[in-house]
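Here is how names work: the chains are called A, B, and so on, in the same order as the sequence lines, proteins then strands, and each is numbered from 1. None of the values given here were measured: they were computed from a predicted structure. Atom set for the values below is all heavy atoms of this structure, side chains included, hydrogens, waters and symmetry mates excluded.
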There are 2 protein chains.
Amino acid sequence: MDAAMRGDARKETPRSRLLAAALALYSRHGVNGTSLQMIADRLGVTKAAVYHQFRSKDAILLALLEPLVSDMREVVERAECERTRTAQVESVLTGVIDLAVRHREVSALMQADPAVPALHASQSDSAALSERIGQLLLGPDPEPGRLISVAMLGSALMMTGKNPKLAAVEDEELRRQMLVAARRLLGLRSRG
Amino acid sequence: MDAAMRGDARKETPRSRLLAAALALYSRHGVNGTSLQMIADRLGVTKAAVYHQFRSKDAILLALLEPLVSDMREVVERAECERTRTAQVESVLTGVIDLAVRHREVSALMQADPAVPALHASQSDSAALSERIGQLLLGPDPEPGRLISVAMLGSALMMTGKNPKLAAVEDEELRRQMLVAARRLLGLRSRG
DNA sequence: GTCTATAGTCTGATAGAC
DNA sequence: GTCTATCAGACTATAGAC
């Protein structure tokens, strides 16, 4: 794999440092509550230096969301290939929990920040992926109770990683416990 | 009860209309994504007319949160008076679900909007109430699994009401189903 | 890649007439 | 209670020197 690196995970570049700073500020103050000046100040540079890396503020948000959206698409498509309802639910549940844990902050941002739907009105639609995840968990003709359980699960999975009390919990532990709790919430038996 | 009305529920006043407009905009665009001009436009008046009702933008948000914060305090204080752990959990769970359903939009705002913690740094602290709710649900020396279940429950309860798929569900139905789901999530037996 | 400087717009908030 | 008019400051974004 060469210099074309995906997302922000590869190496310490000016771009990746900028994305990390932006994510921290977006998480705390929201996208609309964060100015380019704040991002520049945190990096110790000027606004113009920020604009050298990204052509607009939207582009920064898009770059932050892209790895998560990409992974979401993969999870959804894999789950939709399963042939039994049970296997679909199992696949999407483990997949989404894995996402939510690996991309803790970005998940909460995508779920809760009003700037995200405003942005994706024109871009690769995260809302459509969330919708497909919901459908996979709901199945056909869901009862009201199921509808409500799935709605609760959606918020819980995407927002929980942001909880400061869980900051010290390691990924594997968090993933395992969230899966157990999610199964209880949906009324699934634990896997033997 | 005379003209001194609490919150926004009492009657159709200019003030209550303004709060309703602000809540709708805050829910969709976030507090920081909503300008006073947008609120004024929605009411068909000018910004100056808005400033006649509220001395600042913060004051509008504070007025929106006040009824929820007040009800939260009542729920927490009542639950803390219970003498057994089981009764405490039962009390806080039913109380919070009732809140979250009655104040659907405001609950999501309080839980997720970055403007709320920024505001309550100086005002009657909703964060402290959320903390006490968490403590009541956790109990002393919680295991990691319990910690994570309660974190998930917190997000789920406060955010679920905002879900557009549940907009048509009536309060009583939503309350009942959320209680059942919350009990499953926490591993409590359903009440006979 | 980073800077200074600035354009043009919108922001929250105020003053004062009606 | 609502208006017009205005303020000072912050905002995103651009231009061009180094």
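Look at NE2 on A/H52: it is 15 Å from P on D/dT14, rounded to the nearest Å. D/dT12 atom P lies 13 Å from atom CG of A/L61, rounded to whole Å. The separation between A/I39 atom CD1 and D/dA13 atom P is 11 Å, rounded to whole Å. Straight-line distance from the CE atom of A/M38 to the P atom of D/dT12: 10 Å, rounded to whole Å. B/N32 places its CG atom 15 Å from the P atom of D/dA10, with the value rounded to the nearest Å. Here the P atom of nucleotide D/dT6 and the CG atom of B/L36 are 20 Å apart, to the nearest Å. Per the geometry, CD belonging to B/Q37 stands 16 Å off C1' belonging to D/dC11, to the nearest Å.
Here the options are B/D113, B/L64, B/L25, the test is side-chain contact (heavy atoms from CB on, under 4.5 Å), and the partner is B/V31; only B/D113 passes.
Between B/V106 and B/L23, the shortest heavy-atom contact is CG2-CD2, 3.8 Å.
Note that the first and last nucleotides of DNA chain C, 5' to 3', having any atom under 4.0 angstrom from a heavy atom of chain A are C/dG1 to C/dT4.
Nucleic acid contact class of B/T46 (heavy atoms, under 4.0 Å, all strands): base.
Of the N and O atoms on the side chains of B/T34 and B/R28, not one donor lies less than 3.5 Å from an acceptor on the other residue.
Using a 4.0 Å cut-off between a side-chain N of Lys or Arg and a carboxylate O of Asp or Glu, B/R175 and B/D98 qualify as a salt bridge.
Sorted by first then second residue, the side chain to side chain donor-acceptor pair (under 3.5 Å) pairs that include residues 49-62 of chain A, not counting sequence neighbours, number zero.
The CD atom of B/Q88 sits 11.5 Å away from atom CZ of B/R83, with the distance rounded to the nearest 0.5 Å.
DNA chain D is contacted by both A/S56 and B/A48; B/A48 maps to the nucleotide lying nearer its 5′ end (nearest heavy atom per residue).
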